[in-house]
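Structure first, then comments.
One-based numbering along the sequence shown.
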Amino acid sequence: MREPKLRNLKVDVAETRKVRRSIKKQKSVKITINLDADSLEAVKKEASASGVPYQRLLNRILKESLASKKSTESRMDRIERELREVKRRLAA
């Protein structure tokens with residue numbers, strides 16, 4: 001099959017705008033990151049065993065870690081608030 005000549009190609013402006021809008025709405029962002037080889041290998045092995053692509057697995061691990069941290073922080077905030085209340089009652 002012959003490749004079409006560039007001058008014969010037509011650009012579908014409306015469809016291009018739709019594609020660009022859909023890409024803009026996506027919450028995923030492409031980045032470059034440096035990981036140590038052992039960690040990457042471990043993630044790839046786990047991804048292979050589970051059948052999930054390793055980048056998706058890495059994203060899930062990161063999300064779970066951040067959610068756990070938020071949960072821990074909120075528990076600490078609650079404990080500190082309760083401690084302040086107990087101190088206030090004891091001081092009264």
Side-chain angles (χ1 to χ4, degrees):
M1 183 173 174
R2 295 177 58 193
E3 289 190 32
K5 293 186 179 184
L6 194 56
R7 68 176 177 257
N8 295 334
L9 295 177
K10 304 253 190 256
V11 176
D12 186 351
V13 177
E15 193 62 33
T16 302
R17 283 188 187 129
K18 286 180 188 176
V19 170
R20 287 184 178 183
R21 269 190 240 121
S22 70
I23 290 172
K24 190 176 181 180
K25 288 180 182 178
Q26 290 178 354
K27 294 185 179 185
S28 295
V29 177
K30 291 186 181 278
I31 63 166
T32 301
I33 185 171
N34 295 320
L35 301 173
D36 66 82
D38 295 336
S39 297
L40 182 59
E41 189 61 35
V43 169
K44 283 186 174 183
K45 281 182 183 177
E46 189 174 331
S48 178
S50 66
V52 176
Y54 81 94
Q55 291 179 340
R56 192 174 301 158
L57 180 61
L58 223 113
N59 190 39
R60 187 184 319 156
I61 291 168
L62 181 59
K63 280 183 178 182
E64 288 173 0
S65 175
L66 292 171
S68 172
K69 183 177 180 181
K70 284 181 183 178
S71 175
T72 302
E73 286 177 359
S74 66
R75 277 185 268 160
M76 288 299 292
D77 290 341
R78 188 188 44 162
I79 291 169
E80 287 173 352
R81 192 171 48 249
E82 289 174 1
L83 182 60
R84 282 193 302 270
E85 181 64 24
V86 168
K87 284 180 178 180
R88 188 183 64 78
R89 286 182 186 170
L90 288 174

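By the criterion of side-chain heavy atoms lying less than 4.5 angstrom apart, applied directly or through intervening Ile, Leu, Val, Met, Phe, Trp or Tyr residues, Ile31 is grouped together with Ile61 in one hydrophobic cluster.
Put simply, OG1 on Thr16 and NZ on Lys18 are 10.5 Å apart, with the number rounded to the nearest 0.5 Å. Separation of atoms CG (Leu40) and NZ (Lys45) is listed at 11.5 Å; rounding is to 0.5 Å. Within the model, atoms CG of Asp12 and CZ of Arg17 stand 10.0 Å from one another, a figure rounded to the nearest 0.5 Å. Interatomic distance, Asn59 CG to Gln55 CD, rounded to the nearest 0.5 Å: 9.5 Å. To the nearest 0.5 Å, atom CD of residue Glu46 and atom CD of residue Glu41 are 12.5 Å apart.
Ionic pairing of Glu85 and Arg88 is present here: one or more N-O contacts between side-chain nitrogen and carboxylate oxygen are shorter than 4.0 angstrom.
Residues Leu58 and Leu35 form a side-chain contact, since some pair of their non-hydrogen atoms from C-beta on lies under 4.5 Å apart.
Heavy atoms only, all atoms of each residue included: Ala47 and Pro53 are closest at CB-C, 4.1 Å.
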